[in-house]
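First up is the structure itself, then whatever we jot down about it.
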Number of protein chains: 2
Amino acid sequence: MRSIADVARLAGVAKATASRALSGRGYVSEETRSKVVAAAKEIGYVASPNAASLVTGRTKSIGVIIPFISRWFFSEVLESLEQALLEEGYDMTLYNLPAASKERDSVFEYFLARKRFDGVISVGVALSDAEVDLLHRLGRPLVGIGGPIRGVHTIAIDDVASARLATEHLLSLGHKDILHIGGSEADEMDFKVHSNRRTGFASAMNEAGLSTEGSFYACEFTLPGGYGVGLAVLGDPRTRPTAVFAASDEIAIGVIVAARELGIQVPADLSVIGIDGHPYAQMFRLTTLEQHPRRQARLAVVSLLAELESPTDTDEANHLTVLPVNLVVRSSTSGPRQPLGA
Amino acid sequence: MRSIADVARLAGVAKATASRALSGRGYVSEETRSKVVAAAKEIGYVASPNAASLVTGRTKSIGVIIPFISRWFFSEVLESLEQALLEEGYDMTLYNLPAASKERDSVFEYFLARKRFDGVISVGVALSDAEVDLLHRLGRPLVGIGGPIRGVHTIAIDDVASARLATEHLLSLGHKDILHIGGSEADEMDFKVHSNRRTGFASAMNEAGLSTEGSFYACEFTLPGGYGVGLAVLGDPRTRPTAVFAASDEIAIGVIVAARELGIQVPADLSVIGIDGHPYAQMFRLTTLEQHPRRQARLAVVSLLAELESPTDTDEANHLTVLPVNLVVRSSTSGPRQPLGA
DNA sequence: ATCCCGAATGGAACCGGTTCCATACTGCCC
DNA sequence: GGGCAGTATGGAACCGGTTCCATTCGGGAT
């Protein structure tokens, strides 16, 4: 309704001056500025971001691509991203994209190409080269969370090392028969997270001289997922492992619930360790490796906005920020019942 | 980069014609249309939504206000909203607002007032009259999910009736000593959900001639919340209720986990019923009232877009769509151990 | 043959800001 | 006293679309 021309008229100055006064760019006398500000306030003027974007090319809005909303890691990231962006004066436009789908193509071709945002944060989505190129051509910086993307600054934990660490914790307690429950490569999340954690597990086991033959089960990264595998695998005491390394806390908790139902004592009969630092971990006394999604999110925002301020070379930006995880030992892990064989 | 003027030049027509050809409005010969479309494709033209919004006043974007992201109901709603909006060609801009905060004011004054969206969906947020008025003045339709807002079409379940139904289920099984665990009015979610469910509980109890004196506990709407109350309340067999009506499935599951740890048999020693239809309900065999957040979300989108198409009178739009809940009986509820007193 | 109407198209104004350029005034230095 | 740098302001172009208005053309009715 009210345009800057109205403000200018009321304040008795030119549009250009009103614009300068309100945006703080260029020379304006203190006296004029206050006149303009008063006029703007009087008629309840709010600038149209569309008009401004049209000429400046900046939208003050960031696009976020994310494959899940309800899973813990992602909802934490999302919440932090929103907060951090809001603080910096940016809107957040959300694209919830299951890994590969027709929607995905339409988002890239139709939505993202419209340049309604100044930059993109991609959470746990492995973008294809073509998709990265598209964004590059549009001159929109891109930051990733949760896994490396070619030519893009990414913030993540070291999945291989983390899985190693978790496995070594169990090994150091004396476990030899360890089961790893994680995501399948065919999962909707087409990232390397799953295979990396599996790799870390395998390398720790092999280093300890143990085979990983038949010691992996795949399931959804959810509580019912872990519960299902738990019921299926833990039932027979003869084939039961002494410890489980779950690739996420939700899986780990599902396993604990299953164990309790089967009358299996945790940790006496079964040790369980997860990865995440899920808020439920404490009440299930779960030993876990805490990663810090909120920290990852805030870092991503900082990095993206810095890139917007002063664009760097593509090559320079092409690096990985690895965040530490920390082991929180609770009472879901202990040594096996018969440390030196029956 | 490429503007519609480039397309027009390449196709050998005027800007106006190119615009008509691409947008499908007004008269254009089939021949010209295909020439223009081909030209656009050739140079990879993508329209600038900013420029279009500037003149049409439409942004093809919807703002969503939501107090939580990670809690089940909200993440479900969010996921569905995003899908439904995307299908209709709308972007979704997310504002994650804890009920009352300085951020909240800034969102309204700064972000929402900028009119970067055609309409707003408010999920579980009780907007103040002033906030509703602001949106009205901006001419932006508003639809609510999860609780009534003055003068706004809202989609919700009937919380009073649902709580009644849940309580009556327990009563019909013969329970007399029923505890209600729900949210406190002081919770971040300043909606009437909590008090409504409490009212429904109380009225069912009173109708059955039972007192509700001391039969309410408040906690967070989370699994650890219910777990904490469960541990605190269920320990003493003499004061233990025979049934719990939890205001959400997460609370209910927390209670079940606590009960299991305390060695209390569910349902033999304790019946538990929740509200939600949470995906974890099945694995905990929880009897619950399913509400359908995804259905609520899609209805909200339909309603909002209809309102955008053809604005109705404020008074006409001022109504409530009540969605049904359905009782799913699993094995967390049964009759009390001593149906007719010890 | 004349008139009228609808289809097709081009020119130009417009949406609401930002920014370039020109102009004017001030004060300071040589 | 003339020139110059720095501050303050206005006019106008511009961003990239949409839409109003005018013009032209072809065909059917009179």
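Within every chain, numbering begins at 1; the chains are lettered A, B, ... in the order of the sequence lines, protein sequences first and strands thereafter.
A donor-acceptor contact closer than 3.5 angstrom is absent between the side chains of Glu76(A) and Gln296(A).
Rounding to the nearest 0.5 angstrom, the gap separating the NZ atom in Lys15(A) from the CD1 atom in Ile4(A) is 8.0 Å.
Within a heavy-atom distance below 4.0 Å of DNA chain D, the residues of residues 26-37 of chain A found are Tyr27(A), Val28(A), Ser29(A), Thr32(A).
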Note to self: Before you tell me yes or no, could you show the steps for Val28(B) and Val36(B) under side-chain contact (heavy atoms from CB on, under 4.5 Å), namely the whole-Å CA-CA distance, both residues' side-chain angles and the distance that decides it to 0.1 Å?
What the structure shows: CA-CA 10 Å; Val28(B) 189; Val36(B) 173; over 6 Å; no
Checklist line | Evaluation steps, side-chain contact (heavy atoms from CB on, under 4.5 Å), between Gln83(A) and Leu86(A) | finding: CA-CA 5 Å; Gln83(A) 274 173 14; Leu86(A) 206 65; 5.8 Å; no
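Using cut-offs of 30° and 60° for the angle between ring planes, the His194(B) and Phe221(B) rings count as tilted.
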Check: How does protein reach along nucleotides 17-22 of chain D, written 5' to 3' as B (base within reach of a heavy atom under 4.0 Å), S (only sugar-phosphate), or - (no contact)?
Finding: BBBB--
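Here the options are Asp91(B), Thr93(B), Asn50(B), the test is side chain to side chain contact (heavy atoms under 4.5 Å, CB included), and the partner is Arg116(A); only Asp91(B) passes.
Every residue was checked against the side chain to side chain donor-acceptor pair (under 3.5 Å) condition with Glu82(A), not counting sequence neighbours, and none meets it.
No side-chain heavy atom of Val301(A) sits less than 4.5 Å from a side-chain heavy atom of Leu304(A).
Rounded to whole angstrom, the span from the CG atom of Asn50(A) across to the C1' atom of dC14(C) amounts to 15 Å.
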